[in-house]
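Here is the structure we will look at, set down as structure tokens.
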Amino acid sequence: MDKHVAPDTSAGADKDAPLKEDIRLLGRLLGDVLRDQEGDAVFDVVETIRQTAVRFRRDADPEAGQELTSLLHKLTRNQTISVVRAFSYFSHLANIAEDQHHNRRRRAHLLNGSPPREGSVGYALGKLRAAGVDQPTVENFFRNALIAPVLTAHPTEVQRKSILDAEHDIARLLAERDAPLTPKEQVRNLQLMHARIATLWQTRMLRYTKLTVADEIENALSYYRITFLRELPALYDDIEDEIGVQYHGKPAQLGDAAYVQMGSWIGGDRDGNPNVNADTMRHAVMRHATTILDWYLDEVHALGAELSTSTLMVDITPAMQSLAERSTDQSPHREDEPYRRALIGIYARLAASARELGATNILRKEVGHAAPYRDANAFAADLEIVAESLAANHGAMLILPRLAGLMRAARIFGFHLASLDMRQTSDVHERVLAELFEKAGVEADYAALSEDGKVALLLAELAQPRLLYTPYESYSEETESELAIVRAAREIRQRYGARAIRNYIISHTEAVSDLLEVLLLQKEGGLLKVSQGMSEVMVIPLFETIPDLQRAASIMETWMAMPPVARIIEHQGRLQEVMLGYSDSNKDGGFLTSNWELYQAELKLVEVFERAGVKLRLFHGRGGTVGRGGGPSYQAILAQPPGTVNGQIRLTEQGEIIASKFSNPEIGRRNLELLVAATLEASLTPHAAEGAKAERLARFEAVMAELSARAYKAYRDLVYETPGFTDYFFAATPIAEIAELNLGSRPASRKSTRRIEDLRAIPWGFSWGQCRLLLPGWYGFGSAVSSWIEDAPQEEREARLATLQEMFREWPFFATLLSNMDMVLAKTDLAIASRYAGLVPDAALRERIFKRIAAEHGETIRRLEAITGASERLAGNPLLARSIQNRFAYLDPLNHLQVELIHRHRAMSREPGEMDPRVHRGIHLSINGVAAGLRNTG
């Protein structure tokens, strides 16, 4: 029997019953496909493995563990592939069911007329109104805010677009079952769902060729079509309505405000990616423009079909009459249909714009020829004429179905869709400038200069009207490529508009000279107008390591005080962006220290910017995993130090998290709303830090500084100072196999070494997730708390624990820190991790390091429970706790299979000629399945 739209929410009702029903349904259909495609024998093997894994987890039964090992060892190579695929696809289907259940619960909440839920804009507005924040202040916030999710491609993205498309259809079909269906419709629905699951089974899950930057661009664009193009304009409408509801007045009229805008690094991020150059940047922006213009063309065509209004029935405005008369359509059949005529002309102009910006395949040919639009504002102005005429002539209700969303989209997305950031590491800039200086006869050895010497030379050169580059010299490939990038940025801005490219990120910013170098490169490429004191693209430092974070405030203070820079910042509206790197700071100093140093850096930056009279915008380089700064975005934004948000925030969306958040339109809409609600609340909530509150916060921060120092020591001691740890890591995790996956266009390591320092933070965290240790998300906490408490005299130890408990209750930063760690620990499994440790050939090394990790894990759990008072993981988030528990029965076998396959693979690699592609493929399939099961891999 099909479920109703709203599940039973009465007392005693099992609110998760519809979820369980969906999971059973999808599991049964997958089982039917497995029987049909692979036969009963394979199905029986899968079921036996699943039941044994459940028994092993539920009862901690050693016999079940031995039985499981024996079962896996006996699998043939072909059986292994089928079993891995079965468990992997179940993880994917369980994710679909969970997303649908979240949507169902949210709809039930709205249908019941309940108050706005935490994380919604309505909830944030209600809190602000209660705190005395008036409606004009709220509206002014939206007019001046910038909230920008920035999509990035990283080597943990394991979803193929073909898989995403099939899963999107399954999600749609599953959602249909919440509406009443006739018996025939139910049968048809099941048939279609069965067919799509069979399609999944017959679709290659992995890429056999290396993913290119162009592939990554197309993958990202699919989320615009699924979610952003429709859901973002709709969210704007909801927010205006909600302001009216919460303030008991009319809906807000925010006009042209574009407070949520999309960003992208894909095609512009060169840091460590030799496959990104000027051509990939041009290709990225062209594909952005083509995607949005294709969508505009479809919407304008559909709007023309809908607006059949005749002047025989209603009047139109003079501006509308003029727009219709300028149309390329002169058909007598539409002489009395001015809206259709006008929209045919708008379509023709859009088609001309699309061709001018790179589109080569416009599917629906326009009527006649028209001049392209100058820019997206001109397109939006024509739509405004249509809307104003409708509103003035009894047609206001005709604006809502399609025109309102199209007008919003034109303001949000322009003709560029998303702003493409450029990023490169400071080392490259130094090498390029060194060559330019040498070839120009200005400085023979720039790299050897002191920091003061570099700054003096760079400032002097910025004041010169001439360029360093000359066409009469030959330069290295690197220098030519970097200069081509800057020149391409200038061309792109001229062609696609200023919002197409407006940021240049400098990785590994360690000194002021790193920023000045990019200014000078911009001058060489025509992006910096020295005489006007104007830089077309904002120079943004990225502070990543612990030492870099500690220097951030002093670097920015010096930077903003320089006269040429001060003029540039003035032209930027007295605004300067700073990016903070979560991933590398975590890999460098551990979870606790990374979070604390980020917090400290933000506070110091706020002080420096306030003194300079410059508005600070922080760009948070958050990863998918907690160990890379991930975790729930809403809580993370609210936990930011006071004064660090102020209506301006950018943050990265990375790896699998993009698929998790935005592959379902309703879930995507909810995640976008969370960002807006959190930014609104964090920006406008009054912060009273006086008297007792200020003293308490200072006391908390002093304790946190002490804990950070102790956690840093524990983490560094294990990761960087323990002999053999690198060998342990490379053997006890699938890092080597991950590096072989065709996951992204970027290599897993910056250099061809096995040094942890050279390994990218993303595969570092990804590997620990695969082996279920998730070490970057918790290691060092237990040691830090224990040593801090036990170093005190006996009579003070209870008081120290009480202080930590108070910090957890009263300080959002510390509460969020512990909540994220709690989630990581809920996904950690030492029993499974021990099986990965068994892959380490050196028994003494294996025993020594795993024993240390296990001891720290136990101490972390013990101290976390003492502080929070919760003896079970995720006690404060039972829905997530149940979700994680439900998927373990299907996730655990994948881990066990992965260990078995890695063992076979590595044994074969030692024997020439023994390699079997099926084993290799099985490992990669298991990586995909575990990533889907954990849901925050990258």
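Values in this document were obtained by computation on a predicted structure and should not be read as measured data. Start at 1 with the first residue, then count along the sequence.
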Legend entry - Stepwise salt bridge (Lys or Arg N to Asp or Glu O under 4.0 Å) test for R129 and E242: CA-CA 12 Å; R129 180 171 48 80; E242 194 62 46; over 6 Å; no

Inset, instruction - Considering only NZ, NE, NH1 and NH2 on the basic side and carboxylate oxygens on the acidic side, decide whether E806 and R699 come within less than 4.0 Å. - result: yes

Legend entry - Donor on one side chain, acceptor on other, R863 and S786, under 3.5 Å: yes

Legend entry - Qualifying residue for side-chain contact (heavy atoms from CB on, under 4.5 Å) with V133, from L684, L680, L125: L684

Inset, instruction - For S120 and Y123, indicate whether the former's side chain and the latter's backbone hold a donor-acceptor pair under 3.5 Å. - result: yes

Legend entry - Polar contact flag, side-chain donor to acceptor under 3.5 angstrom, S594-S585: yes

Legend entry - Stepwise ring pair (Phe, Tyr, Trp, His ring centres under 6.0 Å) check, Y236 with Y259: CA-CA 9 Å; Y236 274 63; Y259 45 87; 4.2 Å; yes

Legend entry - Criterion side chain to side chain contact (heavy atoms under 4.5 Å, CB included) on F814 and L804, from CA distance to verdict: CA-CA 9 Å; F814 194 64; L804 295 173; 4.3 Å; yes

Legend entry - Contact check, side chains of P233 and I412, non-hydrogen atoms, under 4.5 Å: yes

Inset, instruction - Begin with the C-alpha distance, continue with both residues' side-chain angles, and end with the deciding distance and a verdict on ring pair (Phe, Tyr, Trp, His ring centres under 6.0 Å) for W596 and F700. - result: CA-CA 12 Å; W596 175 239; F700 290 169; over 10 Å; no

Inset, instruction - Report yes if some heavy atom in the side chain of L605 is under 4.5 Å from a heavy atom in the side chain of L618; otherwise report no. - result: yes

Inset, instruction - Answer yes or no: is there an ion pair linking R669 with D238, defined by an N-O contact shorter than 4.0 Å? - result: yes

Inset, instruction - Find out whether Y582 and N586 are in side-chain contact, i.e. whether some heavy atom of one side chain is under 4.5 Å from a heavy atom of the other. - result: no

Inset, instruction - Please check if the side chain of Q261 supplies one atom and the backbone of A258 the other of a donor-acceptor pair under 3.5 Å. - result: yes

Inset, instruction - Could you tell me whether the side chain of Y712 reaches within less than 4.5 Å of the side chain of E597, counting heavy atoms only? - result: no

Legend entry - Close side-chain approach of Y224 to L151, heavy-atom, < 4.5 Å: yes

Inset, instruction - Check E673, E666, E653 against K661 for a salt bridge (Lys or Arg N to Asp or Glu O under 4.0 Å) and give me the one that passes. - result: E653

Inset, instruction - Please tell me if the side chains of P149 and M262 come closer than 4.5 Å, counting only heavy atoms from C-beta onward. - result: yes

Legend entry - Counterpart residues, side-chain hydrogen bond (donor to acceptor under 3.5 Å, both in side chains), relative to E570 (two or more places apart): R574

Inset, instruction - Indicate yes or no: at least one non-hydrogen side-chain atom of R270 is less than 4.5 angstrom from one of R423. - result: no

Inset, instruction - Count the heavy atoms of every other residue, nucleotide or ligand shown that sit under 6.0 Å from NZ of K615, and state whether that count exceeds 12. - result: yes

Legend entry - Main-chain N/O of H508 paired with E544 side-chain donor or acceptor, under 3.5 Å: yes

Legend entry - Contact check, side chains of L674 and S633, non-hydrogen atoms, under 4.5 Å: no

Legend entry - side-chain hydrogen bond (donor to acceptor under 3.5 Å, both in side chains) partners of D421, counting only residues at least two apart: W265, N503, R650

Inset, instruction - Could you tell me which residues satisfy side-chain hydrogen bond (donor to acceptor under 3.5 Å, both in side chains) with R809, sequence neighbours excluded, listed by chain and number? - result: none

Inset, instruction - Inspect the contact between E231 and R670 and indicate whether a charged nitrogen and a carboxylate oxygen are less than 4.0 angstrom apart. - result: no

